[in-house]
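The analysis underlying the following values was restricted to heavy atoms, covering all of them including side chains, and did not include hydrogens, waters or symmetry mates. In what follows, chains are A, B, ... by sequence order, proteins preceding strands, each numbered from 1.
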Number of protein chains: 2
Amino acid sequence: MNIRRLADHLNISIGTVSRALNNRPGVHPETLEKVLKAATELGYVANQSGRSLRRGATNTIGFVIETGHPAHQAGDQFFYVVLDAMNLYLAEQRYDLVVLPCHSADDPVEFLSRVIARGIVDALVMTATRRVDHRIAQLAKSKLPFMTLGRSETPGNYSWIDLDFEGVARRSVQEVVKLGHRRIAVGLPDNDVALGYHYKAGYLKGLAEAGIAVDESLIIRVPTSEVGGFSLGKQVAGMADQPTALLLCSEVTAAGVYAAFGETGVEAGRDISIVAFRENPLMRFLNPAPACFRLDLDALGTRLGETVLDLLSPDEEISRRRGEIVPLSFVPGKSLQPPRAGS
Amino acid sequence: MNIRRLADHLNISIGTVSRALNNRPGVHPETLEKVLKAATELGYVANQSGRSLRRGATNTIGFVIETGHPAHQAGDQFFYVVLDAMNLYLAEQRYDLVVLPCHSADDPVEFLSRVIARGIVDALVMTATRRVDHRIAQLAKSKLPFMTLGRSETPGNYSWIDLDFEGVARRSVQEVVKLGHRRIAVGLPDNDVALGYHYKAGYLKGLAEAGIAVDESLIIRVPTSEVGGFSLGKQVAGMADQPTALLLCSEVTAAGVYAAFGETGVEAGRDISIVAFRENPLMRFLNPAPACFRLDLDALGTRLGETVLDLLSPDEEISRRRGEIVPLSFVPGKSLQPPRAGS
DNA sequence: ACAACTTTCGTAAACGTTTACGAGTCGACC
DNA sequence: GGTCGACTCGTAAACGTTTACGAAAGTTGT
């Protein structure tokens, strides 16, 4: 079923049919209705290849994920919920969403080259943004509009949305300091993901505000995963001069930390206060419940959709690239206690 | 950069260029090399819309996920790893993979209609297959080749790959029976997902083989999620005539069950033996480690890729639709102990 | 030297849309 | 009645490919 068959069936020209379906002006209300009716009856939907070829646009947004990269995939529904909300918004705006999984073993630059050249999407949402990110330079050179989830230090004309990792870290320090902690450890990712730098910056700022000297031995880098968290927990538990608080920039590491504590007899809250990153369903099963930060994933997904479609707006003002930082709200937890008298 | 510009640059016709790039026969080796060289130099990649329009094929496989549905998303990397492997295989065969998230609130049939009509993919891999699945009837009616991950009872000409839920359940029963258990409970999903039926079938078969009568009160349906598992754990812990073993057909429920046990003083292994479903990294952090089943996700992803591409083969024999059941191997765990003398 | 065949390449049509352009009809107004 | 504009629609070109077909050139065989 193509537009010609539909037009023949109605005894009108394909031009009129096309105009009707795209509700362009200048088509008689009566014919408009006839066309729409026949289209739904015959189940006609415009072929995407023909349409994109002619219009030079595909009405599709690409969401690029790194399938081998553990940081953004581990252990919860972050992406599913965000995708869900984003997809919903895009569908309202008559856009389609495709997820483009970039294999971890692949060269991401080569992967993007293909995506760009094939002209399969009108714009891209990038994830797992690195502090220096070659993909950004590449996309900036191409003319494909894009945005990133997570900012980067690589310059380029693009929009971004980032979680307020710095604010979260700073607030975490404030909360533990308020309870009397002075020896505050932090677990950071061991790779170049941008969030690690912002989290560390907030941590340092918090310490400075509290007049606490930085102890490099309390800044510990581990993979962002349960296993990484386990290693982190073991390390902390085994330190001679144990910290009294531990801040985490990822929720999946929290599970590992708790497991390691369980094996070493350290008790979260009593021995070491814990502040995890994002609140998620899994945390209901950690005992004592870790203090953490709440993020509205639905709102984030919608905002991603809005931002990426803004890039495509013909209105110069709207399509201008901009950055946005999403705040998170503090959620208290039993893992947060004053340091023991002995410490 | 389109094929015309490339041809002009080489002073040959676009026909020859196209033939060279798709290595069709009948092009001089020398020109072939020139074309290939110029193409990489100028970064030419064929526009997908033009190509699909002409060929009627997109060289793209769609992977449909349900974003609102908890069963196939909760709490681990199942999909990421499978996607990764599948993507790798497809890339080797010069196919692209796109993930098509179907919003939970959307009508899946309408969603598929769009996908089909727009002609955006050459074949589909469906997930979260239901026992009676309207999508299958719809796809069977359309001419789009497809396969499902998880079989369905809805008839239709399609291939499927399913995990051996029945075998796992049966083996689980055998393992606990071997230790002396007779009162064996099972947690099943509370919706129409096909796996629930197969798991139950295996459970019943296992009981029959052991000569154990079925007790309907031991067949408990809960949502496939941590929260559902929590509820399941509470229910079991609160039963007057407590079962001595509990079989689970989803790993995410295991976390919830353990949490509920923790709150109610029931100890896995000592009070109730547990057999979880799929081994995953999260389980390292459940204590005592649950017995479970090992699945090679990489192999599964590759197999999905092979199977879906087979559908597209011109060879009648290869493209014939077929079903395949993937076995899982038993992994012992400390959650599995003989029943206490008292019971 | 000519026919017949092979190798290589150019030409043009086709895929299904959208849209610029022009043609036709109708009513209003002078 | 003729001019003008508004409204509606049909025609055809264009998007970038692939491929059937035929042409040109070269090769072989007689």
Could you measure the distance from the OG atom of S319(A) to the CG atom of L309(A)? Nearest 0.5 Å is fine.
12.5 Å
Can you tell me how far the CE atom of M86(A) sits from the CG atom of D298(A), to the nearest 0.5 Å?
13.5 Å
Angle between the two end axes of the helix from dA1(C)-dT30(D) to dC30(C)-dG1(D), five base pairs per end, rounded to 10 degrees?
60°
Which residue pairs satisfy the salt bridge (charged side-chain N to carboxylate O under 4.0 Å, His left out) criterion with at least one member in residues 31-56 of chain B, sequence neighbours excluded?
K37(B)-E41(B)
Go through the structure and list residues passing salt bridge (Lys or Arg N to Asp or Glu O under 4.0 Å) with E316(B), not counting sequence neighbours.
none
Between D8(B) (CG) and dG10(C) (C1'), how many Å, whole number?
13 Å
Residue pair T58(B) / D122(B), side-chain donor-acceptor N/O under 3.5 Å
yes
Of all of residues 14-26 of chain A, which get a heavy atom below 4.0 angstrom from DNA chain C, listed by number?
I14(A), G15(A), S18(A), R19(A), N22(A), R24(A)
What distance separates Q48(A) CD from L53(A) CG, expressed to the nearest 0.5 Å?
11.0 Å
My understanding is that only residues two or more places apart in sequence, or in another chain, count here; which of them pass side-chain contact (heavy atoms from CB on, under 4.5 Å) with V132(B)?
T154(B), D192(B)
Any pair with a residue in residues 22-31 of chain A that passes salt bridge (charged side-chain N to carboxylate O under 4.0 Å, His left out), sequence neighbours left out, goes on the list, sorted by first then second residue, please.
none
Output every pair passing side-chain hydrogen bond (donor to acceptor under 3.5 Å, both in side chains) with a member in residues 299-309 of chain B, not counting sequence neighbours, ordered by first then second residue.
R303(B)-E306(B), R303(B)-E324(B)
Its 5'-most and 3'-most nucleotides having an atom under 4.0 Å from a non-hydrogen atom of chain B, DNA chain D is contacted over dG16(D) to dA20(D)
Members of residues 43-52 of chain B that approach DNA chain D, where some heavy atom sits under 4.0 Å away:
Y44(B), A46(B), N47(B), G50(B), R51(B)
Once side-chain contact (heavy atoms from CB on, under 4.5 Å) is applied, do any residues pair with I65(B), and if so which ones, sequence neighbours excluded?
Y80(A), F63(B), T67(B), V99(B), P101(B), T127(B)
Taking only residues two or more places apart in sequence or in another chain, which ones pass side-chain contact (heavy atoms from CB on, under 4.5 Å) with R321(B)?
P145(B), N157(B), S159(B), L311(B)
Does anything in residues 87-96 of chain A pair up under side-chain hydrogen bond (donor to acceptor under 3.5 Å, both in side chains), and if so which pairs, sequence neighbours excluded?
D96(A)-R114(B), D96(A)-R118(B)
